[in-house]
Number of protein chains: 4
Amino acid sequence: MRNPSPGRTGRPRSAAADAAILAATRDALVELGWSKLTMGDVSARAGVAKTTLYRRWAGKSELVVDAVAELFDSLELPDRGSLEADIEYVVLRFAELLRRPEARTALMAVVSESTRDEALRDRIRSAIVDRQKRLVVLGRERAQARGELPYEEDEFLASRTTDLIFDVIAGTVVHRALVSSEPVDELWVATFTALLMHGLRGPAAA
Amino acid sequence: MRNPSPGRTGRPRSAAADAAILAATRDALVELGWSKLTMGDVSARAGVAKTTLYRRWAGKSELVVDAVAELFDSLELPDRGSLEADIEYVVLRFAELLRRPEARTALMAVVSESTRDEALRDRIRSAIVDRQKRLVVLGRERAQARGELPYEEDEFLASRTTDLIFDVIAGTVVHRALVSSEPVDELWVATFTALLMHGLRGPAAA
Amino acid sequence: MRNPSPGRTGRPRSAAADAAILAATRDALVELGWSKLTMGDVSARAGVAKTTLYRRWAGKSELVVDAVAELFDSLELPDRGSLEADIEYVVLRFAELLRRPEARTALMAVVSESTRDEALRDRIRSAIVDRQKRLVVLGRERAQARGELPYEEDEFLASRTTDLIFDVIAGTVVHRALVSSEPVDELWVATFTALLMHGLRGPAAA
Amino acid sequence: MRNPSPGRTGRPRSAAADAAILAATRDALVELGWSKLTMGDVSARAGVAKTTLYRRWAGKSELVVDAVAELFDSLELPDRGSLEADIEYVVLRFAELLRRPEARTALMAVVSESTRDEALRDRIRSAIVDRQKRLVVLGRERAQARGELPYEEDEFLASRTTDLIFDVIAGTVVHRALVSSEPVDELWVATFTALLMHGLRGPAAA
DNA sequence: GCATAAACGAGACGGTACGTCCAGTCTTGTC
DNA sequence: GACAAGACTGGACGTACCGTCTCGTTTATGC
């Protein structure tokens, strides 16, 4: 994952170790939360020496970003028949993910760390943000194919709209779930989706 | 805020200490960020003993919530003449606040901690969330007075809409600024506001 | 004990407090030992404020010296009929006293503290050492009256001998009981007394 | 001393650290005395982390016992030609040792602590008491070889006498020096030795 | 009998050290 | 050369006491 073929001599890195470490990290996050998770504990759970851990990740933040990125990759967007249904589906799945303790505790923590760490910011962007934008792009393409949304020819404008919708959806759900500490239930999702649909169909934003 | 007059005996708590500690906390957040901020360092900056600090706050999280809550209280919403202008104004002010390092680093960190701490969650809600909802309520009332938005008679529905708008605005801006790490500039604000205006004027959500 | 009538106006010091504090000190020594005894704990046990304590004693060492001095004052030397019997009696009584936890733990501790504190050294000497030498002087006078020991006319020599005998008896018993951690039983006392008797009857030392 | 070879894996403990710590402990005792000596200070002087210290010794008392035990091991008993001369010599050397501030302050302090700590009592006995009894045994053997003292065939009796003489000599000197706070000068030593010689030559005690 | 003034209880204060925990590095011997 | 083991330095943790301080309250006198 990190250096797959650096040199050739010496004992090669154990591939199994990577998976064990990331799984152990998620387990530890569930049990202990971000702030009480320690590198020593993770290495012990993974049956690996601390040095092995540090050889592969620079610190707790980097390790956790990789560990939770795998969680976010599990999100998918099957075709529910309409843009509205697609949005409701993805919001509910995302809210479900945020109910998992390892995601709740880790996401905001690494974002906080990243405010003072450029490299970490990049890592979050490439490992989580950019990978999840695929869902917005996919939903948009389907809606366009269905005729629910117009095609946008200007690629730059299209990308800006994708970014906006991504931030609106992800940001609102995260804020509702973690900051306001209110439940993301079906009723709320319906109201939110309605607001978003009207916003998207307004002439300027689509 | 903490108990100013529980009994009557003994030396009273120094009022000056509270202010010094909160200011020192913000200074330390700027210089060190959340994860490197230590209680010992804060007490030293404030010219106060560590015990004094622990006598008043249970830990770093509680202290930081109170310290940043004062920052958020500085947000205001002067009448800009239209709902659209009001929204753009508050979004820009909020984004400005999130550019301050003490707010950036602290906000997500305490939210992360709060995922495993019910009391902290309540403290964030009462010290930050509930206090800032006043801006949404104020903007809405003004818009209703101007005839830009209809009156909602059902109080429960009105409160649910307030909550939704609050989460959409705050959540989207935070996500754009801290997770996606993209600038909240005037162009983006205009696009976001346009989307929101259409959403609000749609029949169901208003 | 300390200044009972320095000036005239103002509330006089509570006499009861002194006794309560010394008793509380001994209780705390029994339960906690020297090193875990704290001024705050003593004040709480005595039902007295910490300030009251510090108004009367400079610190833990001074307080404890006074508290244990009262214990040592309880030692007495009834006439057992012979010098040998008198010595055996006082050694056994002294060993008994050293079996009490408050005496065991406190005596060596204050002596240790006194090695770097001239004032404390004086306090120990006047409150404990000099007061207990009375037992040696008394035993010696009785032995001389019985004709077991010769009279010593030179007062200086007599005082030096008193000091020596005091150090031999007290030192040996303390060392046996506290350093070597061996029991001071009747058999050992008999052997020690025999050695001492021969020493005293030797031509030079008497 | 501590466990040099329990398992085999991992980085071995630094041998140099032990010596540095014990030396630093003695230095700190000289400068600060027992009660102001802190583990943190010792670790800083030894150029060692506090954790390293706690990994090897359970606390201040254990550490100090080991540190002063090395001092006591420096006592020796060259043949001065007669029992009397040997006794005078060892008493003077011992008194000299007790004039060193690190020995004065530490010896009584650890004895005081040991009154509530069985393990510490054992450590003192094995590291200091038992090791110094060799001097008494040696002096006795020489005196017997010279014909100054009779041979004792009963081993148990011999050991009891050794213990008694050890307590008399060590206890008297310690008491004179630390409790009575009087000088151990040549005149006093001569008088004490005379008393002891008569005691030893008396029929019952030898 | 009423002011004066010291002693009192309560408990907050600035400090210091505690003993523990974790970070991240280094040093072994083994694979 | 990667690895498990575990000792290493360094530093923050949160707690416990220290001895001092600042309150409001109590209790003797002496005017």
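The basis for the numbers below is simple: all heavy atoms, side chains too, and nothing from hydrogens, waters or symmetry mates.
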Write down the distance between [atom1] ([X]) and [atom2] ([N]), rounded to a whole number of angstrom.
X: B:L32; N: F:dA12; atom1: CG; atom2: C1'; result: 13 Å
X: A:L63; N: E:dG24; atom1: CG; atom2: C1'; result: 14 Å
X: D:K60; N: E:dT16; atom1: NZ; atom2: C1'; result: 12 Å
X: B:W57; N: F:dG14; atom1: CH2; atom2: P; result: 15 Å
X: A:E62; N: E:dG24; atom1: CD; atom2: C1'; result: 13 Å
X: C:R55; N: E:dA5; atom1: CZ; atom2: C1'; result: 13 Å
X: D:D18; N: F:dA7; atom1: CG; atom2: P; result: 13 Å
X: B:R13; N: E:dG11; atom1: CZ; atom2: P; result: 11 Å

With sequence neighbours left out, write down each residue that passes side-chain contact (heavy atoms from CB on, under 4.5 Å) with [X], or none if nothing qualifies.
X: D:A69; value: D:A127, D:I128, D:R131
X: A:T115; value: B:R104, B:T105, B:L178
X: A:R26; value: A:L22, A:A23, A:A67, A:E70, A:L71

Check the phosphate of E:dC8 against C:R56, side-chain N and O only, distance under 4.0 Å to OP1 or OP2. Yes or no? yes
Consider the side chain of B:T38, meaning its heavy atoms from C-beta on, and name the nucleotide among E:dA7, E:dA12, F:dA12 that approaches it most closely. F:dA12
From the options E:dT25, E:dA5, F:dC8, select the nucleotide whose nearest atom is closest to the side chain of C:T9. E:dA5
Return the residues of residues 41-53 of chain D meeting this criterion: a heavy atom under 4.0 Å from some atom of DNA chain F. Order them by number, or give none. D:G47, D:V48, D:A49, D:T51, D:T52
Under a 4.0 Å heavy-atom cutoff, the residues of residues 109-120 of chain B touching DNA chain F are none
Who are the salt bridge (charged side-chain N to carboxylate O under 4.0 Å, His left out) partners of [X], not counting sequence neighbours?
X: B:R45; value: B:E31, B:D41
X: C:R125; value: C:D122, D:E182
X: B:E102; value: B:R100

5′-ward residue of the pair A:M39/C:A17 relative to DNA chain E: C:A17
Residue whose nearest DNA chain E nucleotide is more 5′ - C:R11 or D:G10: C:R11
Does D:D117 come within less than 4.0 Å of D:R123, counting only side-chain N to carboxylate O? no
Side chain to side chain donor-acceptor pair (under 3.5 Å) partners for D:S35, two or more places apart: C:E113
Taking C-beta and beyond as the side chain, do A:S61 and A:W34 meet within less than 4.5 Å on heavy atoms? yes
